[in-house]
Amino acid sequence: MPIQLKSGPEIAAMRVAGRLASEVLDYITPFVTPGITTGELDQLCHDYMVSVQGTIPAPLNYCPPGYKPYPKSICTSINHQVCHGVPGDRVLKSGDIVNLDITVIKDGFHGDTSRMFLVGEASIAAKRLCEITREAMWAGIKQVAPGKRLGDIGAAIQRLAEGAGYSIVREFCGHGIGRGFHEEPQVLHYGRAGTGLELKAGMTFTIEPMINAGRPEIKELADGWTIVTKDHSLSAQWEHTVLVTETGVEVLTLSEGSPDRERSANPS
Ligand code: MF3
Ligand code: CO
Ligand code: CO
C-alpha cells in the first residue's frame, strides 16, 4: 500500500497531537528525580493525559501481532534498557539515565516523542551518550525535505553515532504515524545516502534512534516487552514526530518546555 500523504486538516490534527505528546514530557520532567518509581511516573502521565489533556495513552493495551497487550501508558527505559521498558516498582536512583516515551491519541491522530533524563548526578559517559544520541536524531531530522530519501536520514544518523564510537540498534526503527500508531514507511537509523523511498510533502513519520555505548545486539526480557542491550552497555534514545513540508521539515512534537524548541527555529 502506498504511503498516504496527510492533507491540511490531518496535518492540523497531527500538530495538536504532537504538541500534546511533548507537553506530557514537560509535565513529568520535575518528577524525574531519585526515589520515584517508574510506576509512579506512569500513573502521573496517565492521569495527566486522560484527565487534563483529554488524550488517549496509545501504549495502553497496544497489541501488535506476536505481542501481548502492553500493560502501561508510557515506556520507561533505564540505563541498559533500549526501549519499551515497562513501568513498575523500580526506583530511580542518582546516576540513572531514563528514556520516557510518550504517545498520545487526540481526535484520532497520534503524536509520539521521547527524551532522555539524567537522574540526579549522571556520569560523564552517560551524559555524552545522551547528548550524542540527541545529535544523531537531529542529524536525521535535518535531512528531511521533499526529494530527499529515507537512506539520507539513516546515513546521517549512522555517521554521527558510529563516528562517536557508538553502535546503532537495528531491530527497531522510526515509523510512519497518523491515524495509526505504526504506519508505513519504516525509517531505519542506518543506511546509504541517496537510497530508499523518496520523501514527499505531507508524509509524517518518527525519527527515534536507539544508540548503544557498546555492541549493537539486543534481547527481549521475559515480560515480552522490555528490550535490553545484550552486553549490558548503556543505551539512549530520543524521538520526534516530523512532517515533510513543501520546503523541508516541521517537527511536530514541540512544546513550551521542549529542550528542542529553540533548536528547531535554527535547525543548523
Ligand atoms: N512509542 C514507541 C515508539 O516510538 C512504541 C511503544 S509501543 C508500546 O514507537 F507498546 F511499548 F508502548
Ligand atoms: Co515511535
Ligand atoms: Co515513541
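Atoms within each ligand, like the ligands themselves, are counted from 1 in listed order.
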Those atoms of ligand 1 less than 4.0 Å from some heavy atom in [X]:
{"X": "Pro59", "value": "12 (F)"}
{"X": "His84", "value": "5 (C), 6 (C), 11 (F)"}
{"X": "Glu208", "value": "3 (C), 4 (O), 9 (O)"}
{"X": "Trp225", "value": "8 (C), 10 (F), 11 (F)"}
{"X": "His182", "value": "3 (C), 5 (C), 9 (O)"}
{"X": "Thr103", "value": "1 (N)"}

Between [X] and [Y], is any side-chain donor less than 3.5 angstrom from a side-chain acceptor?
{"X": "Asp112", "Y": "Thr103", "answer": "yes"}
{"X": "His175", "Y": "Glu208", "answer": "yes"}
{"X": "Trp238", "Y": "Asp260", "answer": "no"}

Item to complete: Tell me, please, if His175 has any N/O/S atom, main chain or side chain, under 2.8 Å from the Co ion (ligand 2)?
Response: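 An N, O or S atom of His175 is closer than 2.8 Å to the Co ion (ligand 2), so yes.
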Practice prompt. Please find out if the Co ion (ligand 3) and some N, O or S atom of Glu239 are separated by less than 2.8 Å.
Written response: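 Yes - counting backbone and side chain alike, Glu239 has an N, O or S atom under 2.8 Å.
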Worksheet item: Heavy atoms, side chains only, cut-off 4.5 Å: are Thr241 and Thr113 in contact?
Response: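 A side-chain contact under 4.5 Å is absent here.
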Discussion item. For Tyr48 and Tyr27, I'd like to know if the aromatic rings sit close, meaning centre-to-centre distance below 6.0 Å.
Written reply: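 Close enough - the centres of the two rings lie under 6.0 Å apart.
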N/O separation below 3.5 Å, [X] to ligand 1:
{"X": "Asp101", "answer": "yes"}
{"X": "His175", "answer": "yes"}
{"X": "Glu239", "answer": "yes"}
{"X": "Asp112", "answer": "yes"}

Worksheet item: Is the backbone of Trp225 close enough, under 3.5 Å, to the side chain of Asp223 for a donor and an acceptor to pair up by distance?
Response: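 Present.
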Discussion item. Tell me whether Gln143 contacts the main-chain N or O of Gly140 through its side chain, where contact means a donor paired with an acceptor under 3.5 Å.
Written reply: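 Here the side-chain-to-backbone pair does not exist.
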Worksheet item: After noting the C-alpha distance and the side-chain angles of Val251 and Thr253, does the key distance pass the side chain to side chain contact (heavy atoms under 4.5 Å, CB included) rule?
Response: CA-CA 6 Å; Val251 179; Thr253 36; 4.2 Å; yes
Worksheet item: What's the OE2-the Co ion (ligand 2)-OD2 angle here (Glu208, Asp112), rounded to 10 degrees?
Response: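 That angle works out to 160° after rounding to 10°.
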Worksheet item: In terms of ring plane angle, is the pair His84 and Phe172 parallel, tilted or perpendicular, where the classes change at 30° and 60°?
Response: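 The arrangement is perpendicular - the two ring planes meet at more than 60°.
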Fill in: Aromatic plane relationship, His110 with Phe181 - under 30° parallel, 30 to 60° tilted, over 60° perpendicular
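Geometry flag for His110 against Phe181: parallel rings.
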Worksheet entry | Phe181 heavy atom under 4.0 Å from ligand 1 |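 A heavy atom of Phe181 does come that close to ligand 1.
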Worksheet item: So is Thr206 close enough to ligand 1, meaning a heavy atom under 4.0 angstrom away?
Response: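 It does not, in that no heavy atom of Thr206 comes within the 4.0 Å cut-off of ligand 1.
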Worksheet item: When you measure from atom 7 (S) of ligand 1 to every protein heavy atom, which one gives the shortest distance, and what is it?
Response: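 Answer, as residue, atom name and distance: Tyr62 CD2, 3.9 Å.
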